Amino acid sequence: MSDSEFDVVVIGGGSTGTAVARDCAMRGLRTLLLERDDIASATVGTCAGMISSGLKYRNEPDIMELCSEEVVHFNHIARHIMMKIPILAPLLDLSDAASDSGYIDAYSEHAEEREVPAMMFLTPEATLEIEPMVHPDVIASVYYEEFFIDPFRLSLLQALDAINHGAKVHTYCEVIGFEKTGGEIQGVVFYNRITGTTETVRTKLVVNATGPWAHKLARMNDSKLDLRLNKGTHVILDRRVVNVGITARALDGRWVYLFPHENTTLLGTTALDTWEDPDRLVASFDEIEYLLQSIEAVIPSIRESRIIRTMAGIRPLVPDWKVSEDKVTRGYQIVDHENGMISFTGGKLVMCRHMAQDVTDLVCKKLGVKAICKTHEKPLPGNEDDVDVESLSVEYGISLHTLERMRARRGTDIVKILELTKEHPEWKTTICTCEPVIEAEIRYAIREEFPQTLNDLRRRLRLGTGPCQGTSCTYKAAAILSEELDLEGDDFLVDILDFKAERWKGIRPSMRGEQLAQEELAQGIYTCVGNLDQSDVDYDLKPWEEGA
Amino acid sequence: MDLECDVLVIGAGMAGLVAGTISSNEGVSTILLRKGQSATAYSSGAIDVMGYLPDASEPFSTPSEGLTAVAAMLPLHPYSIVGYSESVQPDTVVDEIVGSARAAISWLKNSLRDTIAPLIGSFDSNISALTVFGTTKPTCLVQETMNSESLQDEDSTLLFAGFAGYPDFNPSAAAKVFLEDRIAIGLPPRKVGRCVLKLAPFGKLYNLSSIEIARHLDHGNSIEELAKQLKPQADKLGATHVAIPPILGIRNALENKKLLEELTGVEVFELLGVPPSVPGLRLQMALEGLFRKGGGRLLAGHEAISYTKNGELLDAVMVRTPRRRMKIKSKATILATGKFIGGGLAGDENGIRETVFDLMTVTGTYHSAGDITPSRFTNRVSITPSSQPVYSCGLTVDPHFRPVQEDGVEWSSNLFAAGSILAGYDYSSEKSGLGVATTTGYIAIRKAMDFLKGVDLK
């Protein structure tokens with residue numbers, strides 16, 4: 001296959017773009033995925049990872065049906081990176097109970113296929129037994145179960161699987177223009193941020209999966225695309241402060257939640273229409289306080305939890321206006337600009353595979369290719385079998401906790417990493433102590449999963465996502481990355497500064513409590529000892545660091 | 001059980017240890033409270049006095065140059081407080097500030113001479129010390145095991161040596177950073193190498209910590225074993241110097257260094273490192289030893305939680321341990337509980353408070369910090385010479401280092417404060433941490449002892 005000629009160029013490496021690349025490649029199309037940053041570096045990287053049953057969208061029965069089907073598919077193809085979480089919606093007074101009980105039937109209709117029990121009401125005693133942190137005045141609660149996926153791993157595994165099926169995936173390549181003949185796209189011009197060169201590839205079709213940038217990319221192609229951009233912010237708490245997920249009515253009547261997520265707990269989300277540059281987005285004090293006050297009504301002790309950081313992202317909704325964000329359909333639209341570009345708007349994480357299937361059907365039709373979708377049948381890498389972490393722990397002398405966390409990222413591929421420690425026992429060393437992550441997994445990820453920066457490693461490994469936010473692992477991981485990629489000394493220091501900058505973006509807005517001491521320690525290491533504030537390396541200010 | 005003493009020092013980091021050591025060695029009955037591990041034990045173990053002014057990019061070549069600048073430009077800096085005493089004439093303010101710091105630093109260097117953490121360097125020059133990052137930083141004194149002075153010789157060749165399974169130092173990254181820097185400034189050494197050595201303290205090949213390696217090197221023939229691996233590597237490169245992470249031992253670091261040099265024929269020195277820090281621990285242990293030798297009583301695991309006042313005077317401090325509570329009555333008290341790491345300050349979305357006495361807190365510019373949202377006093381850029389202003393928050397004190405209240409009057413005539421709990425400076429960007437701690441601890445205890453002697457502290 002030529003490196004410069006493709007059937008389809010997919011732009012955007014989020015959950016949808018990677019799903020499209022995978023589907024196209026599996027159907028035998030010559031496929032190129034271009035991502036201007038890293039896989040899952042924008043919207044999908046700031047979501048809670050819920051593979052939702054669609055409960056919130058019960059006014060859209062088609063959507064609920066679709067969500068349920070997709071949950072079943074993900075359980076088949078990506079079980080190793082999924083978790084089922086029980087959820088309580090505690091009711092503190094009768095007005096909390098929705099006037100219609102239609103949602104119970106709607107949720108329960110396909111519960112069996114999703115392998116969850118039907119929705120049920122619990123007594124106050126049963127509620128408090130499951131979750132003692134709930135307000136003692138609870139009068140009842142609604143119990144249900146939802147699935148969650150690691151959104152970073154999902155996107156990455158889709159990209160890796162696309163590569164396995166012959167696709168090319170280029171990260172850090174930003175599209176800067178299109179070559180057109182007679183109004184039709186013939187080629188894509190992009191700037192390679194790693195090599196610093198501009199490259200052009202020929203293609204028959206372009207799929208625009210750039211989420212909150214979709215309208216801008218369409219404009220670059222002289223096409224119009226409307227989007228409703230909506231900001232969502234999470235507050236991230238240390239460890240699992242609740243045993244189960246909690247949902248509650250917020251101050252303004254919307255629903256907010258507290259979900260145990262990996263080694264943390266997510267409190268989210270806000271929903272604010274936004275026109276901000278997605279690259280400059282940070283959480284505001286108002287959003288943090290809104291979330292804390294909203295959940296405080298049902299979990300009164302929430303402020304005793306340690307707040308690690310915040311994260312903010314943008315939902316690229318379909319352009320329904322004059323209604324609140326909740327009322328905008330969570331369905332998606334495929335827009336054929338009829339000039340070689342096909343765009344997405346809307347959608348949810350749970351639908352990404354389905355969106356890809358739809359668009360790939362259209363792509364195949366346009367290209368006259370007859371091939372059927374198999375993305376819901378073939379498992380993603382690592383989901384080949386169960387993994388016995390207990391015996392691996394004994395065999396390799398690595399803690400069960402470390403291996404269980406690794407298994408949740410790797411599935412059966414865990415063995416490839418552990419094999420490395422036979423030749424290099426020193427690679428059993430824990431590099432990120434919060435998560436934890438051992439050196440062998442970092443080396444493996446660098447060699448096999450094309451990261452360029454520490455932030456890329458974070459997305460692949462959850463490096464630096466715990467309470468210390470990279471205080472202790474940044475130096476160690478940067479040194480390993482520098483060795484593996486044979487970086488210059490200056491680049492090693494820039495990697496440290498870049499990672500610190502990205503972590504600080506989320507820490508800063510919610511800075512309080514133990515995080516004040518944590519950051520004092522980080523400053524002590526990187527500013528006081530390392531003297532990196534005085535370093536003369538070429539450090540580019542990040543978009544959110546610019547300005548007054 | 002209740003206790004009584006003349007001087008109670010709350011907090012056993014650098015400032016508290018300096019204060020307590022001075023009073024106990026002068027025969028004043030002193031009790032020192034230590035809640036947990038001090039921030040000093042986390043430090044690199046080098047004594048920074050003044051490296052940079054805020055926002056500056058050129059380091060001071062000497063601490064006294066730095067202090068002269070502080071005296072002129074940063075009136076709220078803890079160093080500047082020294083000059084506000086009524087006894088100081090206007091034309092001698094700078095001399096007083098520089099002189100006090102010089103006296104404190106000299107005292108520290110002399111006191112630590114025969115301990116496990118002897119220091120080298122002088123108040124008349126800043127040292128450019130090498131770090132595990134491969135970078136250099138200006139500091140005033142370093143432990144003798146960190147002496148790399150002769151590296152400036154024209155024909156020097158430096159070997160960075162790390163340890164397999166010890167992730168807190170990577171010789172390859174450090175060597176690259178250091179060499180690029182040397183090439184850029186055109187100074188020796190002009191040849192730099194790296195190697196990885198294998199140690200298995202207690203039979204373990206991975207997850208090695210600096211403390212474990214240091215303990216291992218304090219025992220048996222481990223230095224000989226290390227030399228056997230290091231010598232061929234040094235010879236191969238033709239190294240004149242070997243830089244190793246700060247792990248040379250806790251009790252015998254200097255002897256270990258000398259033995260290693262004897263066996264390998266090259267100069268060996270420790271880099272400035274990150275927590276858990278062996279040199280920081282050495283420093284803390286050495287000072288604790290001096291404190292005890294003077295007859296001081298150290299209560300580890302003891303946390304001050306509240307107090308009783310008798311009119312103008314602080315009467316007693318209530319202390320908690322996991323098992324008991326007690327009351328300690330003292331005639332004078334030094335508050336040296338540190339900043340956020342030490343636990344002297346705590347902050348939430350409503351403001352920043354002092355944790356034992358609920359004293360007034362201020363920002364670096366002396367505005368009230370009692371009701372600030374911490375994020376408001378941060379910069380968008382994380383690592384910057386402009387620092388994070390929230391770390392300049394703390395207490396404001398009178399010229400006798402007594403915390404003052406909103407009305408500008410001292411909270412009590414027998415409570416003194418020292419160390420990083422003081423407002424008006426950020427030790428990370430200034431590179432001034434242990435210097436401010438030493439100087440303010442040194443002065444605060446003198447003021448406290450003056451108070452005990454009945455000197456009128458106006």
Side-chain angles (χ1 to χ4, degrees), chain A residues 285 288-289 303 421 425-431 438-439 472 475-476 478-480 482-483 487-490 492-493 496-497 500-501 503-505 507-514 516-536 541-542 544-547, chain B residues 39 42-44 48 51-52 57 59 131-138 164-168 170 172-173 175-181 184 205-208 272-275 339-341 343 345-349 373-375 378 380-385 387-388 390-391 426-429 431 433:
Chain A
F285 186 79
I288 296 163
E289 201 54 31
R303 283 180 203 265
T421 66
E426 72 276 13
W427 289 358
K428 290 183 194 175
T429 299
T430 306
I431 301 300
I438 64 168
E439 183 165 344
S472 76
Y475 169 86
K476 304 180 228 178
I480 296 168
S482 155
E483 262 185 31
L487 300 179
E488 310 228 313
D490 275 8
F492 159 69
L493 296 181
I496 291 174
L497 293 173
K500 192 73 193 64
R503 292 290 82 188
W504 180 239
K505 175 172 78 159
I507 297 168
R508 182 177 175 239
S510 56
M511 184 84 159
R512 66 193 68 182
E514 284 109 325
L516 286 162
Q518 187 66 59
E519 185 60 26
E520 188 188 343
L521 189 60
Q523 291 287 334
I525 292 173
Y526 297 101
T527 302
C528 188
V529 176
N531 207 14
L532 300 188
D533 59 323
Q534 295 290 344
S535 170
D536 55 4
L541 280 185
K542 304 290 167 285
W544 64 88
E545 293 177 331
E546 291 165 354
Chain B
Y42 277 46
S43 76
S44 69
D48 299 350
Y52 301 87
S57 58
T131 79
V132 290
F133 292 83
T135 55
T136 56
K137 72 166 269 190
Y166 171 69
D168 289 335
N170 185 299
S172 146
K176 283 183 182 174
V177 170
F178 184 65
L179 186 60
E180 282 171 31
D181 181 57
L205 291 159
Y206 54 92
N207 274 339
L208 301 186
L272 269 60
V274 300
K339 221 171 261 305
F340 300 102
I341 297 175
L345 299 179
D348 60 22
E349 62 274 34
T373 303
S375 59
T378 54
R380 285 186 200 188
V381 181
S382 166
I383 306 289
T384 159
S387 84
Q388 300 299 342
V390 71
Y391 295 116
D426 173 63
Y427 67 81
S428 283
S429 55
K431 282 66 175 174

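Values in this document were obtained by computation on a predicted structure and should not be read as measured data.
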[X] versus chain A, the contacting section by heavy-atom distance below 4.5 Å:
{"X": "B:Ser429", "value": "both"}
{"X": "B:Phe178", "value": "neither"}
{"X": "B:Asp48", "value": "side chain"}

Using a cut-off of under 4.5 Å for heavy-atom pairs, which of B:Asp181, B:Thr131, B:Asp168 has the most such pairs with chain A?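 Top option by heavy-atom pairs under 4.5 Å: B:Asp168.
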Return the minimal non-hydrogen interatomic distance between B:Thr378 and A:Trp504, and the atom names on each side.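 Between these two residues, the closest heavy atoms are CB-CZ2, 3.6 Å.
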At a 4.5 Å cut-off on heavy atoms, which part of A:Arg303 comes close to chain B: side chain, backbone, both, or neither?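 A:Arg303 touches chain B through side-chain heavy atoms alone.
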Quick check on A:Leu487 against chain B: is it the side chain, the backbone, both or neither that has a heavy atom closer than 4.5 Å?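 Contact with chain B is through the backbone of A:Leu487 alone.
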Heavy-atom distance under 4.5 Å between the side chains of B:Val132 and A:Tyr475, does that happen here?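 They are in contact (side-chain heavy atoms under 4.5 Å apart), so the answer is yes.
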Check: A:Glu519 and B:Ser382 side chains under 4.5 Å, non-hydrogen atoms: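 With C-beta onward as the side chain, the pair touches.
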Quick one: pull up CG in B:Leu179 and CD in A:Glu488 and give me the separation to the nearest 0.5 Å.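 If I round to the nearest 0.5 Å, the distance is 10.5 Å.
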Before you tell me yes or no, could you show the steps for A:Tyr526 and B:Phe133 under ring pair (Phe, Tyr, Trp, His ring centres under 6.0 Å), namely the whole-Å CA-CA distance, both residues' side-chain angles and the distance that decides it to 0.1 Å? CA-CA 9 Å; A:Tyr526 297 101; B:Phe133 292 83; 5.7 Å; yes
Side-chain (A:Gln523) to main-chain (B:Ser428) donor-acceptor, under 3.5 angstrom: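 Here the side-chain-to-backbone pair does not exist.
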